[in-house]
Amino acid sequence: MTERLPGFSTLSIHAGAQPDPTTGARATPIYQTTSFVFNDADHAASLFGLQAFGNIYTRIGNPTNAVLEERVAALEGGTAALAVASGHAAQLVTFHALLQPGDEFIAARRLYGGSINQFNHSFKAFGWNVVWADTDDVSTFEKALTPKTKAIFIESIANPGGTVTDIEAIAAIARKAGVPLIVDNTLASPYLIKPIDHGADIVLHSATKFLGGHGNSIGGIIVDAGTFDWSRDGRYPVLSEPRPEYHGIKLQETFGNFAFAIAARVIGLRDLGPALSPFNAFLLLTGIETLSLRVQRHCDNAKAVAEWLSPHPAVAWVNYAGLPGDRYHNLARKYSPKGAGAVFTFGLKGGYDAGINLVSNVKLFSHLANVGDTRSLIIHPASTTHSQLSDAQKAQAGAGVDVVRLSVGLEDKEDLIADLDQALKA
Ligand SMILES: *Cc1c(COP(=O)(O)O)cnc(C)c1O
């Protein structure tokens with residue numbers, strides 16, 4: 001008899017979890033504790049020396065967080081994962097394991113506005129130098145490669161425009177150059193796209209968005225695909241060189257295909273400190289149980305709203321990869337056949353002022369800076385999330401002055417359309 005592999009919805013509910021061995025509790029308990037008692041002195045020493053796996057202190061690991069990590073690793077098809085305090089913490093901890101001062105990484109220009117800021121300013125202060133490239137012309141990634149390049153970073157479905165990235169084409173460039181491909185899979189979620197199947201070596205999430213899905217918890221996840229050989233040429237010394245604080249072990253040699261997840265935990269999370277609260281891990285786990293139902297409904301509602309907006313007389317254009325005429329429709333059909341996500345942009349003929357007007361007059365949509373909530377959300381990026389960028393950077397990031405971004409929620413689509421209708425008339 002061959003063993004059945006569980007499907008995505010089954011993994012969303014069960015991966016990593018089992019009834020609590022002490023109490024029988026069926027839902028994963030919130031282990032709201034800072035620290036864990038050692039069995040004896042030898043046990044303590046082996047935990048600290050990385051000779052045994054176990055709980056020490058919640059900054060480095062926690063049993064509730066461990067269920068979340070195992071679940072997302074299973075959903076993404078990775079070898080291991082690390083939960084951290086936010087999506088930005090996931091990016092910080094990831095690059096900390098890969099880059100030395102003076103190193104470079106290539107990033108897609110079309111990214112979440114906060115990531116553009118993090119890379120342009122705070123990362124540069126660490127000596128980690130971003131080089132921007134254009135996902136609409138993947139040759140720009142190849143041209144941006146130098147001997148100092150240590151990673152390539154893209155979003156699978158990119159914020160704010162909901163554009164779909166040709167992951168395989170960029171993965172081929174990364175593989176040829178011998179650098180890992182990091183994919184921020186926040187907007188797609190593994191229900192729509194599994195970047196590891198298309199060549200990603202590391203997958204990141206702002207779990208704040210669709211994974212948690214209810215707009216109640218900030219969190220981030222790093223997934224190790226287990227695909228990259230970190231030992232080549234000593235280019236990734238955190239992974240390939242002896243660690244003095246761990247009796248000189250080499251992480252890649254000791255932990256093989258989950259060495260990156262271990263490095264992120266026992267170096268990055270340990271020293272930089274952005275640990276996820278177990279309470280947030282519990283809420284994120286609860287959200288993930290309904291991921292497949294929610295994301296499908298998000299996509300179906302988004303498509304209905306985009307179809308309604310397209311012919312509207314006040315609307316200049318709609319960019320939704322789920323619409324047949326869209327520039328990214330073929331990429332969406334290839335990478336995200338179940339739907340093109342719930343986040344997309346459209347342009348108002350009335351420009352900046354019309355954008356401000358619309359966000360001021362909606363009643364059901366919430367005017368705020370988030371995506372991936374059960375509730376429908378609206379924002380005018382040029383006056384908010386992307387306001388710190390120059391007009392040229394705004395346009396390059398898909399956030400020009402006439403652009404409105406929606407994150408379509410789980411309400412009845414008729415109510416969402418009625419709300420936009422009255423606000424566009426107002
Ligand atoms: C929100 C977001 C982030 C940052 O995540 P936080 O949880 O807010 O730190 C990174 N990437 C994308 C695509 C996002 O939408």
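One-based numbering along the sequence shown. Ligands are counted one by one from 1 in listed order, and the atoms in each one are counted from 1 as well.
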>> I'd like to check which ligand 1 atoms, numbered from 1 as shown, lie under 4.0 Å from a non-hydrogen atom of Glu155.
In response: 13 (C)
> Going by the atom numbers of ligand 1, which of them fall below 4.0 Å from some non-hydrogen atom of His88?
Replying inline: 4 (C), 5 (O), 6 (P), 9 (O)
> Going by the order shown, which atoms of ligand 1 are within less than 4.0 Å of some heavy atom of Gly219?
Replying inline: 7 (O)
> Counting each atom of ligand 1 from 1 as listed, which ones have a heavy atom of Gly87 under 4.0 Å away?
Replying inline: 5 (O), 6 (P), 7 (O), 9 (O)
>> Using heavy atoms and a 4.0 Å limit, tell me yes or no: is Gln91 in contact with ligand 1?
In response: yes
>> Tell me whether the NZ or CZ atom of Lys338 lies within the 45° cone about the ring axis of Tyr191 and under 6.0 Å from its centre.
In response: yes
> Under 4.0 angstrom from ligand 1, any heavy atom of Ala89?
Replying inline: no
>> Which of the numbered atoms in ligand 1 are under 4.0 angstrom from any heavy atom belonging to Ser86?
In response: 7 (O), 9 (O)
>> Give me the nearest non-hydrogen protein atom to atom 11 (N) of ligand 1 as residue plus atom name, then the distance to 0.1 Å.
In response: Asp184 OD2, 2.7 Å
> Asp300 and side chain to side chain donor-acceptor pair (under 3.5 Å): which partner among Arg297, Gln296, Lys303, His298?
Replying inline: Gln296
>> Quick check with a 6.0 Å cut-off and a 45 degree axis cone: is Arg232 positioned over the face of Phe228's six-membered ring?
In response: yes
>> Give the atom numbers and elements of ligand 1 that come within less than 4.0 Å of a heavy atom of Asn159.
In response: 15 (O)
>> If you count every heavy atom of other residues, nucleotides or ligands that lies below 6.0 Å from Lys334 atom NZ, does the total exceed 12?
In response: yes
> Can you tell me how far the CG atom of Asn257 sits from the CG atom of Asp224, to the nearest 0.5 Å?
Replying inline: 7.5 Å
> Is the closest basic N to carboxylate O distance between Asp20 and Arg26 below 4.0 Å?
Replying inline: no
>> Give me the residue, atom name and distance of the protein heavy atom closest to atom 1 (C) of ligand 1.
In response: Lys209 NZ, 1.4 Å
